[in-house]
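Numbering of ligands and ligand atoms starts at 1, following listing order.
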Amino acid sequence: MRTPVIAGNWKMYKTARQAAETIRSLADLVKGVQGVEVVICPPFTALAAAVEAAKGSPVAIGAQDCYWEKEGAFTGQVAVPMIADLGCSHCIVGHSERRQFFGETDATVDKKIEAVLANGLNCIACVGETLAEREAGQTFAVLERQVRNGLSRHLTSARLVIAYEPVWAIGTGKTATPVQAQEAHAFIRQVVAEAASPAAAQAVRILYGGSVKPDNIATLMAQPDVDGGLVGGASLDAASFAKIVRFRG
Ligand code: 13P
């Protein structure tokens, strides 16, 4: 059985102080929850405060991006060992906003995943089609390309988690229907089976992301290939994110 993962991606929101406050509230609200891994990914500047605030709670802390070199003359970049040194256990890679606005490609996704896993962290690697790609009937082709070119060298790692985030569902309030999510997740699992092995496909957690809210998480989680959520907007508020973590009711 795959243990569900509910991860919050705070994007470019919250100062260190705000992050610590929210995480303390969240830690209280999710106390005693069993059988689900809880992760919060604040901005880099709030990671240290977030780790401190999460101490002794089941909330794990992750970064939203990283650079693949371990150090060097790379102004503005943050290396994985630096993220690990803060006490973080996770790192998101390949988010569509990084692909869209910051030149992330399948090739850079591959290098970043390698760095994250080599440093002992868990990696949440994102894939997903744009609205234009979906309307052109290219959804499966895009997902297959992103998994094969970006993720395929890492699919047998137990520390790799895949997030399916249809770009048209991010921040739009338009959630993929449970049927659309299931179809994409089952397809991704099939690609993992072909690119790695049936065992890797059965083991890998595939999270859904895109307008996940307290009132739609349960039906998404009821789909056989949906193993969790990557939550943006609804993760910024501790009460709303805690409801998502408690999707079983
Ligand atoms: P929203 O939940 O705000 O749609 O964001 C999803 C997302 O991009 C999480 O990484």
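- In terms of protein heavy-atom proximity, atom 9 (C) of ligand 1 is nearest to E165 OE2, 2.9 Å.
- At least one N or O atom of G232, backbone or side chain, sits closer than 3.5 Å to an N or O atom of ligand 1.
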Quiz item: So E129 and W168, side-chain hydrogen bond (donor to acceptor under 3.5 Å, both in side chains) or not? Walk me through it.
Solution: CA-CA 8 Å; E129 81 287 0; W168 48 272; 2.8 Å; yes
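- Between D215 and K243 there is no salt bridge, since no side-chain N of the basic residue sits under 4.0 Å from a carboxylate O of the acidic one.
- Of all atoms in ligand 1, numbered sequentially from 1 with element shown, those under 4.0 Å from a heavy atom of L230 are 9 (C), 10 (O).
- Interface atoms of ligand 1 facing S211, defined by a heavy-atom separation under 4.0 Å, are 1 (P), 2 (O), 4 (O).
- Contact of the V191 side chain with the Q146 side chain is not registered, since no non-hydrogen atoms from C-beta on lie closer than 4.5 Å.
- Close contacts between ligand 1 and G233 involve ligand atoms 1 (P), 2 (O), 3 (O) [criterion: under 4.0 Å to a heavy atom].
- In summary, the atoms of ligand 1 found under 4.0 Å from a heavy atom of A169, numbered by their order in the structure, are 4 (O).
- Of the N or O atoms in A234, none lie within a sub-3.5 Å distance of an N or O in ligand 1.
- At a heavy-atom cutoff of 4.0 Å, ligand 1 is contacted by the side chain of N9 but not by its backbone.
- Atom NZ of K213 has more than 12 neighbouring heavy atoms from other residues, nucleotides or ligands inside a 6.0 Å radius.
- The protein non-hydrogen atom at the shortest distance from atom 4 (O) of ligand 1 is G171 N, 2.6 Å.
- In this pair, F140 and F187 present their aromatic rings parallel. The plane angle is below 30°, not in the 30 to 60° band.
- With sequence neighbours excluded, the residues forming a side chain to side chain contact (heavy atoms under 4.5 Å, CB included) with A54 are I23, S57, V59, I61, listed by chain and number.
- Every atom of ligand 1 with a heavy atom of G210 under 4.0 Å away is listed here by number and element: 4 (O), 6 (C).
- Under a cut-off of 6.0 angstrom, the local environment of CZ in R145 is crowded, with over 12 non-hydrogen atoms contributed by other residues, nucleotides or ligands.
- For ligand 1, the polar-atom distance check finds an N/O of K11 within less than 3.5 Å of one of the ligand's N/O atoms.
- Here A163 has no heavy atoms under 4.0 Å from ligand 1, in either its backbone or its side chain.
- Counting heavy atoms from C-beta outward, H90 and C123 have side chains that stay 4.5 Å or more apart.
- Polar contact with ligand 1: absent for V231 (N/O pair, distance under 3.5 Å).
- Not a single side chain to side chain donor-acceptor pair (under 3.5 Å) links S157 to another residue, sequence neighbours left out.
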